[in-house]
Every structure is written in structure tokens, then in C-alpha cells.
K.L.:
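Questions regarding the structure given below will be posed in turn.
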Amino acid sequence: MSDFQDAGYQKTFRHTSAHILAHAVKRLFPGAKLAIGPAIENGFYYDFDRDEPFSVTELSQIEDEMKKIVRERLPIERFELDRAAARALMIEKDEPYKVELVDELPDDAVISFYRQGDFVDLCAGPHLEDTGAVKAFKLTQTAGAYWRGSEKNKMLHRIYGTSFPDKEQLKAYLAMVEEARKRDHNKLGRELGYFTTVDYIGQGLPILLPKGARVIQLLTRFVEDEEEHRGYQLTKTPYMAKSDLYKISGHWQHYREGMFIIGDPEQADTTEVLAMRPMTCPFQFQAYLTKTRSYRDLPIRYNETSTLFRNESSGEMHGLIRVRQFTISEGHLVVAPDQLEKEFRDCVDLARFMIDALGFQDDVSYRFSKWDPTNTAKYIGDAKQWDAVQDTMQVILDHMKLDYTTAIGEAAFYGPKLDIQIKNVFGKEDTLITIQIDFQLAERFGMEYADRDGEKKHPIVIHRTSIGCYERTLALLIEKYAGALPLWIAPEQVRVLPISEKHLDAAAELKERLVRAGFRVEVDNRDEKIGKKIREAQMEKVPYMLVLGDQEVADGTVAVRARKEGDLGAQTVDSLIERLREEVATRKNT
RNA sequence: GCCGAUGUGGCUCAGGGGUAGAGCAAUUCACUCGUAAUGAAUAGGUCGUGGGUUCGAUUCCCACCAUCGGCUCCA
């Protein structure tokens, strides 16, 4: 059964599990119509059309029925039909979604079906030989899901589940999910006091509490300093603009539903219509436009710690990962064509530098996001322009030997993107960083430079971020380190724990000394037992705890306790400072 | 926006048509403490918001808001 490690076998196993689920549902609820039921990363699902959603009780009834089907060890047989016969069979079975699927296959297709007992499903397979192997499974949740993934279609009822060859593996998996849940930034981040939300402020508008705000401040300084070293110039641009600006950029035509608009666009003749900015590009371009530019001025690299506002649909908000107001390490590079590749590479290099600094290097994947040529209305520019810029980007990516996947339809409306994705604790990927090549907006905004030959030319713009959006970065940090952020970025680096009230003065003095040395220090001055103070500092994931009692005060030392290593014994303050400095400088993850 | 679940003091949760409890946390006093959970006392909630039904609602109904899990969309 170690076959289960094999991805192909696992997929087959889960797919058969999905059929068992569908079989059970058809037995219990014959009126439910079958849609599709694939294997997915950690299990499987099946979509059903039914008037009522599945309740918790029904879910456990279905599980019981599935157990029966497994115990029956039903052989699974494949058979094939031509299209007409397949269609007839699905009509006879009264499965309209299956009929729709059959209709899309070519006329001469030979269509496969799988049968287990009285259950027959249109399916490409493959499947296990019988239903008996699926010894351990669990239906994990129900959810609504659109037929064929389009919001224009009917919403079906999806049942998610997972399955394993034996109970131990299922148990281990569920324990792992439980463990991941404890690291969920949305739970841990609130518990540890990084952020909160308030219902009368609104969705997607989190309050960053002192700890969260401090981490973001530290990250922002780090990013701005590094970018300055790399030749960026900082701008500060307005958070809103008249609709006129967005009409030039194309946001008004292509991104309007994503913007917060102030004023009534229907009354545009008499009322000034403003919109909060969803992106920084059109603002930062204005810096370029303040004077005439020569090829000698290029490349120009602008950066900005930029707060953006996007009117996401109400069901999309999630913790700090998906919000309506967020701050991004924004930047735009204005470059000549012969500078494009080098500058693009440098952007990737900067992104990697940041990823390494945060310790995310093992959780990264790259995605080349292209436009969708079948939905040209979503984008500005024509196919020729898109092909040209995508080819250019492809060449650069291939030169870099980046291992990337390609995603159709994920481009920005003005150009293709390289998305750098980070896996979170649940294995789900989110885009943290994106680097885009844009051949179009410079022309729209009339950005030019005089080239060597004296001709006015439009530059190319690289839109990029170096560390992504700070809120999301914070969320990923909390999950990655289970709240125990590396020392260099920990909101509270050291907590001084006086043993009794008579040590309070010494504690204050020690704090002062460490603060002057550049560390973030708090004193626990409550009248509590030392054990309790240590316990709480540990729960709050403070990297270093300094215990101060009679002996330490007499010796001029501190008893050091580290978050991970535990007791480090008595040290002089100077040697402690040296240790902390070293750890901060190397950005170690301890 | 769509489907579903949830919403009781800082946290975890109980309760239930007659205007609310427990544990932990907090505050005060005692204890002056070397790795949490001694003793005593105190404080804290218009039971998410707004309507409706009712003599009376936190408990029933409706709407809205927020949170969570998905779908769609996206940094």
C-alpha cells in the first residue's frame, strides 16, 4: 500500500473515493444530479445539483452509506460507448450535466464510463479495481460552487472529502490540518495581538495593533533602505485622483468595479468625480512627466510605500491576506528597450533577496501570467502587442532559467506578469510579489525620451513589488513561524522579568540600556511569580527573556532564557548585546 | 456578488420567552515570591445591529452587519 506515495495512484484512489461519494448520494438522494467529481490536492470533491444544500446530518448519513459501499467491495468496470449511445444513456439516467459534457465531445469520440454496482458515471478514469480499498475517508465540508466555475451558471452543492488506504494515515492527516489551523494567521494573529477587525468599520479593513504595525514599520524601513541602495527614488503620491486620470490609464474602462468612487459618475458634468487609487502606476508616472527625458536619464527607478484601495466583492475578504486597503512596496522602472532584460533581472533579484530575508525561499514558485486571447475586452492593446511583450518576457524568463508555470488569463489588464507565489501553512498559494512588463501605458501617458538618434521614443515600464503587500507578508510570516518571528523582525525582542518589586529599578535600568543599544524591550512589572511571567512571555513568543533577581543585580548580570534554546544561564549585559546584534545582523530564524 | 455555518463580558464556552452564568484573564488587598495556575474581595455583558410577533425577547420571525469555510475574483 506504499503505492499511495505515488501521485498517480493517489489521484486514482481519491477519484474512486469521489465516485463512492456520488454513489452514496445517489442511493440516499436519487433526485440529486451529478456534475463533476475530481481528485484534488488533499482529497476529492463531487458537485451535485439539488434544491437543498447538504446538512451536517446528511453528511454523516452519506458517510455511513459510503462505508457500506466500501464494505460491499463492488468491482469497478469500465465500458465504452459511442457518442450517441453515451448521450442516450445519460438522458435515460436523467443526468443533464453529463449530457452537456457528452455534447461537447467530438462526434466520433469513444466515451468511457465506470460502473460500480448500480452506479454508472461518465468518466475518463482511471479507477481502482473495486471499492474495497478506500478504507479510511472523511467528508470534510460542504460548499457552494458554480457549474463549470462560472458565476453566470447555477450554483451547485459541493461536498469535499479526503481518503486514505488506512485509518492511521487519515488520522495523521487530520492531525496535521489541526496543527496548521493553530498557525493560521487569522487566528494566531488575533490571539497574539497583531491585528483585529471591527464590524462597524467594515470588511477587509483590519486594524493593525501595535505589534502588527511595528512589524510592518520594520519591513517598510528595510525595503525602502534596500531599494535606495539599489538606485530607487522615493515618491509620495496622492491616495485619490479625478476620474480623468483613470480614463487615461484605462482603469476607468477596465478596473472600475474594483475602485472606490467618490461622487456620482452619472453627474459628471456638475460634480467632480474622484476615485481612491487601486494602483500606483498612473500617479508615479507623473514624476517622470515633470521634465523632458533623454536616454541618458534611463533607467529611472521609482519606489513608494503605497497604500491602495480595492473594492473587492464582499465574500472575498480574508484576514490579512485579502483586504480592501493595503500597503504595497510599489515601484515602477522606466527603461529603454536595451535595458529591459537587465532591469527585469534586477527586480527578480531584489524579490529573491527579500524572500531570503524573510525565510520563504523554500515556499516559492513562479508563475508566468499571460492574457486570455479569447477575452480581449478585459485588456488594453491588441493581440500583436500582447504577443510581442509576452515573447519578450518569455525570452527573459528562459534566459534566467526560472522554473515557472504558465497561467492564461492571469495577466494585468495592461501587461503580462511574473508572479512569485508563496505557499501558506495549508499548502494554498498566494501571490506575494509580481513583476510586470508594460509596453502600453507609457504611450497612453505620453511618456517619452530622446534617444541617441534624436528621435522621441516611448520607454517600457516595469511594474514591480519587492516584498509584496505588507499585510499579506505579515500574515505569511505569522504562519511560517507560528507567531515566533525571527529576532530581527520580532515586534518585541526582549522582555525583562524582575523577580520581585525590589528589582523594578534595576529592570528599568536594564531596559534603558538595551533600548539605547537599539533593541525593542518591555518590562513585565506586574506583581506575579517569576514562573508565570516566563510562561506568559513564552506564550507571546518573545525571543529573549531576561530574569533579574538579587543575584543578577549583585553580579551585574542577567539570567538569559531564549525562546527556542531555553535557559542560557547568567550573562553580562555586554555579551548579551553582542549576541543579539549578531542574531539581528544574520537575520537568523531562531 | 453567490452557497453554507457562526455571532452571549478580554478569551473558551454554558444557558434559554419573564430583562444572564462558569472557568481563565483583569482590578484591589494579603503573600515578596527563582520557572504559571495561594487566600480574600471587586469590577466587567443594552446576549452583533435594526425591525417585527408578544403583556414581556438575549431566547421566536425578518432584514442587515461582521466572522469562518468554499465558489468566482485577486496583491
Side-chain angles (χ1 to χ4, degrees), chain A residues 45 47 50 52-56 59 140-160 181 184 186-187 190-191 193 196-206 255 257-258 278-280 306 308 310-330 369 378 409-410 412 417 419-422 426 428 430-434 436 463-465 467-473 475-476 497-504 526-539 545 547-552 559 561 566-567:
Chain A
Y45 67 80
D47 286 346
R50 180 174 179 247
E52 293 295 305
F54 294 97
S55 68
V56 178
L59 222 53
T140 48
Q141 57 176 326
T142 60
Y146 297 108
W147 166 236
R148 320 207 103 180
S150 168
E151 59 185 330
K152 293 187 182 71
N153 292 336
K154 185 166 183 187
M155 180 154 283
L156 309 175
H157 300 294
R158 175 172 298 178
I159 298 178
Y160 283 96
R181 210 184 301 279
D184 183 355
N186 209 2
K187 184 165 164 48
R190 289 171 196 269
E191 282 171 5
T196 188
T197 49
V198 178
D199 57 4
Y200 45 82
I201 287 180
Q203 280 190 305
L205 299 168
Y255 205 80
E257 74 295 340
M279 296 174 194
T280 323
S306 179
L308 304 179
R310 296 188 187 175
N311 192 5
E312 306 288 356
S313 311
S314 59
E316 288 165 4
M317 262 63 76
H318 172 73
L320 293 177
I321 292 283
R322 199 70 189 280
V323 291
R324 281 183 166 154
Q325 176 189 319
F326 57 95
T327 300
I328 191 165
S329 53
E330 184 76 278
S369 295
K378 258 177 81 176
E410 295 288 339
K417 307 190 287 182
D419 290 322
I420 304 181
Q421 316 273 106
I422 310 281
F426 300 108
K428 209 182 214 184
D430 272 303
T431 303
L432 186 65
I433 294 172
T434 145
Q436 307 162 4
H463 305 239
R464 48 104 272 180
T465 159
I467 207 175
C469 120
Y470 289 100
E471 289 81 355
R472 185 172 283 188
T473 303
L476 291 167
L497 311 175
I499 283 185
S500 78
E501 282 185 6
K502 69 181 175 195
H503 307 113
L504 281 177
R526 296 170 310 155
D527 180 20
E528 291 291 351
K529 286 186 178 169
I530 187 65
K532 189 168 181 178
K533 290 183 179 182
I534 290 173
R535 175 77 179 180
E536 284 189 19
Q538 281 173 337
M539 293 209 305
M545 289 151 262
V547 177
L548 212 51
D550 288 339
Q551 199 180 330
E552 287 76 18
R561 194 182 170 88
D567 227 328

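Residue numbering restarts at 1 for every chain, and letters A, B, ... go by the order of the sequence lines.
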K.L.:
Closest to the A/Thr197 side chain: B/U67, B/C3, B/U35?
P.N.:
B/U67
K.L.:
According to the Watson-Crick and G-U wobble definitions, with both distances under 3.5 Å, which nucleotide is paired to B/C33?
P.N.:
none
K.L.:
Which residues pass the side-chain hydrogen bond (donor to acceptor under 3.5 Å, both in side chains) test with A/Thr473, sequence neighbours left out?
P.N.:
none
K.L.:
For B/A75, which nucleotide in any strand shown is its Watson-Crick or wobble partner with both distances under 3.5 Å?
P.N.:
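With both distances under 3.5 Å required, B/A75 matches none.
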K.L.:
What distance do A/Arg472 atom CZ and A/Asp430 atom CG have between them, rounded to the nearest 0.5 Å?
P.N.:
4.5 Å
K.L.:
Using atom C1' in both nucleotides, what's the gap between B/A43 and B/U27 to the nearest angstrom?
P.N.:
7 Å
K.L.:
Going from CD1 on A/Ile467 to CD1 on A/Ile328, what distance comes out if it is rounded to the nearest 0.5 angstrom?
P.N.:
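The CD1 atom of A/Ile467 sits 11.0 Å away from the CD1 atom of A/Ile328.
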K.L.:
Go nucleotide by nucleotide along RNA chain B from the 5' end; which of A/Glu191 and A/His157 gets its closest nucleotide reached first?
P.N.:
A/His157
K.L.:
What distance do A/Arg50 atom CZ and A/Leu156 atom CG have between them, rounded to the nearest 0.5 Å?
P.N.:
13.0 Å
K.L.:
Say we look at B/C11 and B/U67: how far apart would their C1' atoms be, to the nearest angstrom?
P.N.:
16 Å
K.L.:
Among residues at least two apart in sequence or on other chains, which ones pass side chain to side chain contact (heavy atoms under 4.5 Å, CB included) with A/Thr434?
P.N.:
A/Lys417, A/Asp419, A/Thr431, A/Gln436, A/Thr465
K.L.:
Just so I know, are the side chains of A/Arg181 and A/Lys187 near enough to count as touching, which here means a heavy-atom distance under 4.5 Å?
P.N.:
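A/Arg181 does not reach A/Lys187 side chain to side chain.
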K.L.:
Please state how far atom CZ in A/Arg535 lies from atom P in B/A37, giving the value in whole angstrom units.
P.N.:
10 Å
K.L.:
Which residues satisfy the side chain to side chain contact (heavy atoms under 4.5 Å, CB included) test with A/Gln551, sequence neighbours excluded?
P.N.:
A/Asp555
K.L.:
Looking only at N and O atoms, is any donor in the side chain of A/Glu552 or the base of B/G34 less than 3.5 Å from an acceptor on the other one?
P.N.:
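Yes, the side chain and the base share a sub-3.5 Å donor-acceptor pair.
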K.L.:
Distance between the C1' atoms of B/G7 and B/G45, in whole angstroms?
P.N.:
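My reading of the C1' atoms in B/G7 and B/G45 gives 14 Å.
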K.L.:
In the strands shown, is B/G10 matched to any nucleotide by a Watson-Crick or G-U wobble pair with both distances under 3.5 Å, and which?
P.N.:
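Base partner found: B/C24.
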K.L.:
If a protein heavy atom is under 4.0 Å from the base, mark B; if only from the sugar-phosphate, S; if neither, -; do that for nucleotides 24-32 of chain B going 5' to 3'.
P.N.:
-SS----BB
K.L.:
Could you give the distance separating B/U6 and B/C62 at their P atoms, to the nearest angstrom?
P.N.:
14 Å
K.L.:
In whole angstrom, give the distance that lies between atom CE of A/Met539 and atom C1' of B/C11.
P.N.:
11 Å
K.L.:
Measure the shortest side-chain to side-chain distance between A/Glu536 and A/Arg526 over non-hydrogen atoms and say whether it is less than 4.5 angstrom.
P.N.:
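Touching, per the 4.5 Å side-chain cut-off.
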K.L.:
Within this structure, what is the CG-to-P distance between A/Asp184 and B/U67, rounded to whole angstrom?
P.N.:
14 Å
K.L.:
Watson-Crick or G-U wobble partner for B/A5, using a 3.5 Å limit on both distances?
P.N.:
B/U67
K.L.:
Taking CE from A/Met317 and C1' from B/G1, how many angstroms apart are they, rounded to a whole number?
P.N.:
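The answer, rounded to whole Å, is 11 Å.
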K.L.:
To the nearest Å, how far apart are A/Arg181 CZ and B/U12 C1'?
P.N.:
17 Å
K.L.:
Would you indicate, yes or no, if B/U67 has its OP1 or OP2 atom less than 4.0 angstrom from a side-chain nitrogen or oxygen of A/Gln203?
P.N.:
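Yes, because at least one side-chain N or O of A/Gln203 sits under 4.0 Å from OP1 or OP2 of B/U67.
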K.L.:
Is it true that A/Thr280 and A/Glu330 share a donor-acceptor pair across their side chains at a distance under 3.5 Å?
P.N.:
yes
K.L.:
In Å, rounded to the nearest 0.5 Å, how long is the span from OG of A/Ser313 to CG of A/Asn311?
P.N.:
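Interatomic distance, A/Ser313 OG to A/Asn311 CG, rounded to 0.5 Å: 7.5 Å.
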K.L.:
Given side chains that start at C-beta, do those of A/Pro206 and A/Val323 come closer than 4.5 Å, heavy atoms only?
P.N.:
yes
K.L.:
Quick one: what's the B/S/- string for nucleotides 38-43 of chain B, heavy-atom cutoff under 4.0 Å, read 5' to 3'?
P.N.:
------
K.L.:
Please name the nucleotide paired to B/G16 by Watson-Crick or G-U wobble geometry with both distances under 3.5 Å, or report none.
P.N.:
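Base-paired to nothing in any strand shown.
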K.L.:
Provide the distance between the two P atoms, one in B/U53 and one in B/C65, to the nearest whole Å.
P.N.:
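That atom pair is separated by 23 Å.
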K.L.:
What's the CG-P distance between A/Asp47 and B/G4, to the nearest Å?
P.N.:
15 Å
K.L.:
What string of B, S and - do you get for nucleotides 70-75 of chain B, 5' to 3', when a contact is any protein heavy atom under 4.0 Å?
P.N.:
BBBBBB
K.L.:
In whole Å, measure the gap between the C1' atoms of B/A22 and B/C55 for me.
P.N.:
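It works out to 32 Å between them.
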K.L.:
With a 4.5 Å limit on heavy-atom distance, are the side chains of A/Arg310 and A/Phe326 in contact?
P.N.:
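In contact.
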K.L.:
With respect to the side chain of A/Ile530, which nucleotide from B/G34, B/G4, B/G1 is positioned closest?
P.N.:
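Among B/G34, B/G4, B/G1, the one nearest the side chain of A/Ile530 is B/G34.
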K.L.:
Taking the side chain as everything from C-beta on, heavy atoms only, tell me whether A/Lys533 gets closer than 4.5 Å to A/Met545.
P.N.:
no
K.L.:
In whole angstrom, give the distance that lies between atom CG of A/Asp199 and atom P of B/U6.
P.N.:
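Spelled out: CG on A/Asp199 to P on B/U6 is 18 Å.
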K.L.:
Between B/C33 atom P and A/Leu504 atom CG, what is the distance in whole Å?
P.N.:
14 Å
K.L.:
For a quick test of reading the model, state the closest non-hydrogen atom pair linking A/Glu471 to A/Thr327 and the distance between them.
P.N.:
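A/Glu471 and A/Thr327 have their closest heavy atoms at OE1-N, 3.0 Å.
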K.L.:
A/His318 or A/Ser314: which one's nearest nucleotide on RNA chain B is closer to the 5' end?
P.N.:
A/Ser314
